[in-house]
Amino acid sequence: MKMLMTLMMIGLFAAATGCNESKLVTGSGSAGHGSGTMNSKYLAASEPPGAIPVGEARQNAKDKDAVTLVGRIGGSSNPFIDGLAAFTIVDAKVTNCDDEGCACEAREAKDNIAMVKIVDASGKPVADDARSLLNVQKLSMVVVQGTANRDDQGNLSVLADKVFVRPTN
Amino acid sequence: MNSPSHLPSLPLVLFSFLSPLSTATQMLLPWEYGVRNLARRPVRTLLTLAALATVVMLVLVVVGFIRGLERSLAVSGDPDVVLVYSVSSEANIENSSIAARTPSLLTATLDGTWKRFGVNHVSPEVYSGTRVKTGDGEEGLGLVRGVTRAAPLVRRSVRLIEGTWPGDGEVMVGQLASAKLGGRPEAMAIGESIEFEGREWTISGRFSAGGAAYESEIWCNLSDFQNATKRQDLGLVAMLLAPGSTSAEVELFCKERTDLELRAIGETTYYQTLQQHYRPVRLLAWFVVVLVSGAGVFVGLNMMYGAVAGRVREIATLQAIGFRRRAILFSLVQEGVLLAAAGALLSALLALLFLDGLAVRFTMGAFTLRIDSIAILIGCGVGLTLGVLGALPPAIKALRASVATSLKAV
């Protein structure tokens with residue numbers, strides 16, 4: 001009986017210690033989006049000159065043109081693509097629709113939106129989350145330099161090799 | 001080594017308790033003493049047992065509800081399925097409307113869709129909540145999904161368990177469809193008729209879906225449902241991804257083609273979003289568990305205060321003949337814990353026999369109560385805790401009085 005009580009107490013102590021340690025171990029690994037780390041290869045050190053708003057680029061840029069766009073990451077409730085370095089940007093003049101939701105964003109951004117894909121040297125989209133790759137989030141103002149891609153419906157994509165993130169004030 | 005500030009004190013507390021305990025075990029009251037004390041007032045003991053069992057049963061029902069709801073949403077999502085629907089409908093797929101050509105556009109553009117034996121695993125669907133009337137006159141809000149023969153290729157958990165795939169004017173119903181409507185299961189048997197969208201439909205088959213949310217739905221042919229609802233568009237397209245593909249390609253396509261006004265979401269992410277919507281319900285349910293448990297503590301307290309009040313002289317006598325207060329405290333707590341444990345076991349047995357698998361109607365469909373190991377653990381844990389908390393205060397109160405005074409008590 002004595003031995004049993006002693007063993008029970010030791011077991012309780014071991015369980016309590018084990019639970020606390022596992023919390024410490026798992027707590028350190030849960031921070032941040034995705035598995036990538038910020039990569040300076042795709043980040044421009046200074047703002048490229050001659051950036052045009054997204055709305056203007058959507059009207060005037062032609063397929064395969066070299067473009068430099070400035071815009072705000074947004075256009076939907078989740079402008080990022082999980083697992084890919086891609087996101088949508090909208091013209092800075094477009095109203096931010098956080099309170100009204102997706103329908104408002106789609107309506108406002110329809111003619112002022114572009115898809116930005118960060119590509120590697122071979123032209124393939126980088127398989128890493130843009131939020132961790134570039135340290136950006138929704139509503140970040142970015143200047144994107146790359147090649148325009150237009151389809152028959154007028155949708156604009158930019159295959160970007162450099163992104164400059166404007167500091168927030 | 002860093003460690004939480006409370007950790008060093010825990011072993012000290014335990015080890016400091018061990019050495020006097022090893023001595024005190026020699027002077028503990030016999031186990032049978034506590035058991036016989038419960039039998040001294042059988043009516044009171046039985047009433048308290050019933051009350052504690054009721055408290056634990058309520059806890060099991062609420063936890064079973066939460067577990068059933070969580071499981072229904074967890075198994076509803078297939079990690080290899082992507083849902084494509086209208087960007088304007090946000091999380092409400094019932095309100096989604098997309099062009100009928102969307103499935104062919106997706107399969108022509110994207111390489112990531114699974115294709116076997118020349119068949120694309122793409123399921124165009126129309127999904128809607130509508131008033132459904134059964135043959136015996138019962139009416140309720142049902143969930144109807146118009147599908148094609150490709151649906152089981154994408155909804156891999158669906159199994160036709162009885163009857164046949166629906167033809168024109170026919171439907172097949174999920175195992176929980178009658179629970180969703182609140183009607184008799186016999187009214188949803190094969191051969192029976194139901195009415196919705198102004199038409200009569202014959203039930204041709206029944207299907208199961210492993211507890212997934214669509215187990216409470218009614219499925220019919222897509223073209224039939226489109227005719228009945230006078231629409232030519234679709235609500236959504238469900239796509240099964242090829243091995244090695246991810247939903248990123250589909251999401252990229254939808255975000256690039258802003259002219260199509262589509263959005264793509266992994267099915268598991270969609271149901272995780274729904275789980276978030278039901279978070280207030282789950283929080284409220286847990287609050288009910290806490291309230292019910294609190295009531296149980298008062299039941300235990302009431303019983304033990306009553307039991308101890310009539311035994312003041314007996315307790316003083318035990319102290320006088322050499323039993324330590326700690327030993328008497330353990331014995332009183334033993335009585336409370338024994339009774340609570342008996343109540344918890346009784347409730348757990350009844351819950352497993354009569355409540356596990358019981359269908360529950362809910363806004364998004366129906367699901368079954370799940371009295372699983374977690375529910376039993378929580379229920380029995382609450383029961384044991386009630387036993388300890390209900391016995392400690394009266395036991396401590398009884399032991400505070402001096403022996404000499406207590407021996408003279410009436």
Side-chain angles (χ1 to χ4, degrees), chain A residues 1-17 19-21 23-24 27 58 75-88 90 100-107 109-117 125 127-129 149-158, chain B residues 1-28 30-31 82 85-92 95-96 105 109 112 245-266 268-269 273 330:
Chain A
M1 186 65 178
K2 248 198 304 189
M3 181 63 73
L4 180 65
M5 295 293 283
T6 310
L7 286 173
M8 276 173 58
M9 289 299 172
I10 293 170
L12 268 173
F13 167 62
T17 314
C19 289
N20 279 319
E21 283 181 356
K23 273 187 207 165
L24 288 170
R58 216 181 140 94
S76 63
S77 56
N78 181 18
F80 295 95
I81 309 283
D82 292 333
L84 272 186
F87 49 89
T88 51
V90 294
E100 293 182 52
C102 260
C104 166
E105 300 224 42
R107 191 176 59 240
K110 204 172 172 209
D111 296 319
N112 296 285
I113 191 169
M115 165 62 73
V116 174
K117 290 187 273 193
D128 208 347
D129 198 291
N149 207 337
R150 301 301 297 255
D151 62 14
D152 296 335
Q153 285 73 34
N155 298 305
L156 172 64
S157 299
V158 177
Chain B
M1 180 179 79
N2 292 329
S3 56
S5 59
H6 70 271
L7 192 58
S9 64
L10 184 61
L12 276 175
V13 167
L14 286 173
F15 279 109
S16 66
F17 191 65
L18 268 175
S19 38
L21 183 63
S22 61
T23 311
T25 49
Q26 294 169 3
M27 288 293 289
L28 281 181
W31 174 266
V82 178
Y85 58 103
S86 168
V87 71
S88 57
S89 60
E90 295 201 42
N92 297 321
N95 301 333
S96 169
L105 189 59
T109 315
S245 300
T246 65
S247 60
E249 193 192 346
V250 185
E251 288 179 53
L252 188 64
F253 172 79
C254 293
K255 284 199 189 312
E256 277 185 317
R257 292 292 303 269
T258 53
D259 57 300
L260 298 173
E261 295 184 0
L262 297 173
R263 69 176 296 190
I265 187 169
T268 44
T269 309
T273 313
F330 277 154

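Since we're looking at a predicted model, the values are computed, not measured. Proteins come first, then strands; the chains are lettered A, B, ... in the order of their sequence lines, and each starts at number 1.
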Contact check, side chains of Leu84(A) and Glu249(B), non-hydrogen atoms, under 4.5 Å = no

Are any non-hydrogen side-chain atoms of Thr258(B) and Arg58(A) less than 4.5 angstrom apart?
-> yes

Closest non-hydrogen atoms of Ala86(A) and Leu252(B), given as atom of the first, atom of the second and distance, are CB-CD1, 3.9 Å

Asn78(A) versus Lys255(B), closest heavy-atom pair with distance | O-NZ, 2.8 Å

Check whether Thr246(B) gets within reach of chain A through its side chain, its backbone, both or neither, counting any heavy atom under 4.5 Å.
-> neither

Ile113(A), part contacting chain B, at a heavy-atom distance under 4.5 Å | side chain

Could you state the interatomic distance from CG (Asp151(A)) to CD (Glu256(B)), rounded to the nearest 0.5 Å?
-> 8.0 Å

Side-chain heavy atoms of Arg257(B) within contact of Asn155(A), under 4.5 Å | yes

